[in-house]
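Read the structure below first, then the notes.
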Number of protein chains: 4
Amino acid sequence: MTKRSGEKHQVILDAAVKTFARAGYHRTRVSDIAGEAGVADGTVYIYFNNKEDILISLFQNIMNRFVEELRSELVLCRDANEKLEKIIDYHLRTLGSKPEQARVTQIELRQIDQKINEGISKPLLTYFRLIEEVIEEGKKQALYRPDLDTRTARKVIFGAIDEVVTCWVMSSKPYSLAELKNPVFDLLIRGLQ
Amino acid sequence: MTKRSGEKHQVILDAAVKTFARAGYHRTRVSDIAGEAGVADGTVYIYFNNKEDILISLFQNIMNRFVEELRSELVLCRDANEKLEKIIDYHLRTLGSKPEQARVTQIELRQIDQKINEGISKPLLTYFRLIEEVIEEGKKQALYRPDLDTRTARKVIFGAIDEVVTCWVMSSKPYSLAELKNPVFDLLIRGLQ
Amino acid sequence: MTKRSGEKHQVILDAAVKTFARAGYHRTRVSDIAGEAGVADGTVYIYFNNKEDILISLFQNIMNRFVEELRSELVLCRDANEKLEKIIDYHLRTLGSKPEQARVTQIELRQIDQKINEGISKPLLTYFRLIEEVIEEGKKQALYRPDLDTRTARKVIFGAIDEVVTCWVMSSKPYSLAELKNPVFDLLIRGLQ
Amino acid sequence: MTKRSGEKHQVILDAAVKTFARAGYHRTRVSDIAGEAGVADGTVYIYFNNKEDILISLFQNIMNRFVEELRSELVLCRDANEKLEKIIDYHLRTLGSKPEQARVTQIELRQIDQKINEGISKPLLTYFRLIEEVIEEGKKQALYRPDLDTRTARKVIFGAIDEVVTCWVMSSKPYSLAELKNPVFDLLIRGLQ
DNA sequence: GATGAATGAGAGTTCATTCAT
DNA sequence: AATGAATGAACTCTCATTCAT
């Protein structure tokens, strides 16, 4: 009789994305999320520990799916160059097609206190590691210079993509995010070689 | 003969950097700043409209000095390549030597509501424009390829530096930020050519 | 089966009358009202928008009941003279039996900002109109002179009663307010004829 | 060299009437009064003990002049009837010609805490006594009935005039206050006889 | 599991008043 | 006498969280 467990969990998460994207994390009240989700305030606390937990769960949810899907796309690529291109393509395409998620990822997520960052940094680290794996692979494949500092390269790559997304989120979005793939790739790829 | 003018203003600003860096913007109470500054709570409101105003003033203060000093260093450079190197060097060196300011710039500043972002984006735009000028100059000097998209290049450059700084701020800082200048520069410069 | 609805609303209103009468509107803190009502501070804001709203609701509450009851008593009167006598009697009797309400009505209510007076003047206007109706009736019944200015007569009647009440409230109340009915009536009635 | 003492006292008082009438007692800050008077905030405290003292001084100032002038006009009257007419006339004429003072007298003055009311009630009592003297005189002159309760009659008379003024102050003043003298007098005089 | 009324700690802000100059 | 920068007590209102139903 009861609908499948976890349904409300997702309903609340979806409502949270909308309200966070609309009003920002700090301006959003838990009752706003509950209202948007069509549940009582107290119900939110059955599925989440507190307000911050919602934001973190949101991000973990998004990032896990993000990395998982990205990984499955990467297996089709032949070499590191193709993989790097795919990463940029996938990153821009995914966030570009979900402006609300993009806003939460780029803006709202950075509004929470440092101590709880662990919940955020863990899924993010998986993504970082994935990028670093590709760089290492490129070095093994002799595509990238052997003295390349993998860690720094990862920061540069991620930072570049991230900034491109943030600028797009903050703008009135008069252009498609995905179309920036080529220019960004061109700028980054030669630095690695 | 007392140098009253602006004295307290700066004292409060200095206290704010410390407290924001220590506890974060949202966790800092106005009375904490006042206490750190050695003034009464009400005094803060003689010099600033509200808490947010302090954070914004802080950033404008920092950024104006940042861009001004950077500009004066750039005149000594011969070509766009040297200028770009100088930008990266100056950016990393400056924030690397002021960890408290760096934390406020990289973390706390991103905690305020979007609507008031104008106070933040304006001084930032000046910096963006400066980077774009250098890129344009490099194109005129035939150092960078003519089909390079200046705007995207700027985002990639700024995003890369910014991410490098953020990672350093979030870390326990076991390395000097300035020493990343060469690897970052090497990664970016070839993408422009 | 619990008669929850509106229960706390009234409890808070009752507590507000007491505290306003005791300490005055401006000297009363919302937490005082909450304490007197036996609820948390925040609960007050579930039922009222703000402190001023409590005072206004209080008055509307009182005045609505006042006019309603007065109206029901007036139907028993034969002519305008009897009705006027009843008005004076009822006004003095009602406030005379509720010194706390009287103090709020005569003193505290006049402490709020003009702009929000609408909430106050509306129920008061109902009372004014009722008095004017009786005067008009008296003119139709040829009890009062036809050239009598109804509006001015109402002001004189209400002002007289109101002042009598105010003096009583401000005094140590060594006399019963109701016993002033006859002298006041005698003074007013002949002016109308 | 110093201008005559008390000059600033009056300047501040004049500024207070304006600001109180404009914004109301509680909404007026001491710095507003000082600004309007063209003096420093601290200067206000050389001439007055505190904010309330300003309001009270204001009223005493007004009332003393009021009663004094009224008294001097009354000596020209032949009997109690003429005197009562003069009182009503003078009261309405005076306040009707000074809307700002009227607003302070009718509205703002009633906003202060009871305990300090002595400063207000004393000069008011002088006015009350003056009215009662006229009533007593009328009784002695056999113009008014001997069983008339002087105290109550005074309350009725003052309350009536006061209400007429208050209604005018609260209105957009589309009529002259002075023109209400006759209707008010007609209404009151017969009640005394 | 679901509800939503109730809680109460918490913080930003105001402004009357003071006092060193 | 005059100034006005500085003070700091005071107070309203918000909202994340709880828990009896």
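Numbers restart at 1 for each chain; the letters A, B, ... are given by sequence-line order, proteins then strands. In this text, all values refer to a predicted model and were calculated from it rather than measured experimentally.
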Would you mind telling me which of [options] lies closest to the side-chain atoms of [X]?
X	options	answer
D/Lys51	E/dA16, E/dG12, F/dT18	E/dA16
A/Asn50	F/dT17, F/dC11, E/dT17	F/dT17
A/Ala40	E/dT7, E/dG4, F/dT14	E/dG4
D/Ile46	E/dT3, E/dT17, F/dT3	F/dT3

Item to check | Mutual orientation of the aromatic rings belonging to D/Phe48 and D/His9 [parallel < 30°, tilted 30-60°, perpendicular > 60°] | outcome: parallel

Whole-Å distance between [N] [atom2] and [X] [atom1]?
X	N	atom1	atom2	value
D/Tyr45	E/dA16	OH	P	6 Å
D/Asp32	F/dG4	CG	C1'	15 Å
C/Arg29	E/dG8	CZ	P	17 Å
B/His9	F/dA5	NE2	C1'	16 Å
C/Ile54	F/dC13	CD1	P	9 Å
A/Arg27	F/dA16	CZ	C1'	18 Å
A/Tyr25	F/dC15	OH	P	13 Å
C/Glu52	F/dC13	CD	P	9 Å

Checklist entry - What is the nucleic acid contact for B/Val44, judged by heavy atoms within less than 4.0 Å: base, sugar-phosphate only, or nothing? => result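 It contacts nothing in the nucleic acid.
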
Checklist entry - How many angstroms lie between CD1 in B/Ile120 and CG in B/Leu109, if you round to the nearest 0.5 Å? => result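 Rounded to the nearest 0.5 Å, the CD1-CG separation comes out at 3.5 Å.
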
Item to check | Distance in Å, A/Gln101 CD paired with A/Leu58 CG, rounded so as to fall on 0.5 Å steps | outcome: 7.5 Å

Checklist entry - On DNA chain E, nearest-nucleotide positions of A/Asp41 versus B/Asp41: which is more 5'? => result A/Asp41

Checklist entry - Closest nucleotide of DNA chain E for A/Val39 versus for D/Ser31: which of these residues is on the 5' side? => result A/Val39

Checklist entry - So which nucleotide does F/dT3 pair with, by the Watson-Crick or G-U wobble rule with both distances under 3.5 Å? => result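 Its partner is E/dA20.
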
Checklist entry - OP1 or OP2 of F/dA5 less than 4.0 angstrom from a side-chain nitrogen or oxygen of B/Lys8, does that happen here? => result no

Item to check | A/Tyr47 vs E/dA2: side-chain N/O to OP1/OP2 distance below 4.0 Å | outcome: yes

Next on the checklist: Test your reading of the model: is there a side-chain donor-acceptor pair from A/Asp32 to the backbone of A/Thr28, 3.5 Å cut-off?
Outcome noted: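 Checked: no pair found.
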
Checklist entry - Do the numbers put B/Lys51 on top of the ring of B/Tyr25, so that NZ or CZ is under 6.0 Å from the six-membered ring centre and no more than 45° off the axis? => result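 Verdict for B/Tyr25: a cation-pi partner in B/Lys51.
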
Next on the checklist: Need to verify one output field. Residue with the more 5' nearest nucleotide on DNA chain F, D/Thr43 or C/Gly42?
Outcome noted: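 This one resolves to D/Thr43.
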
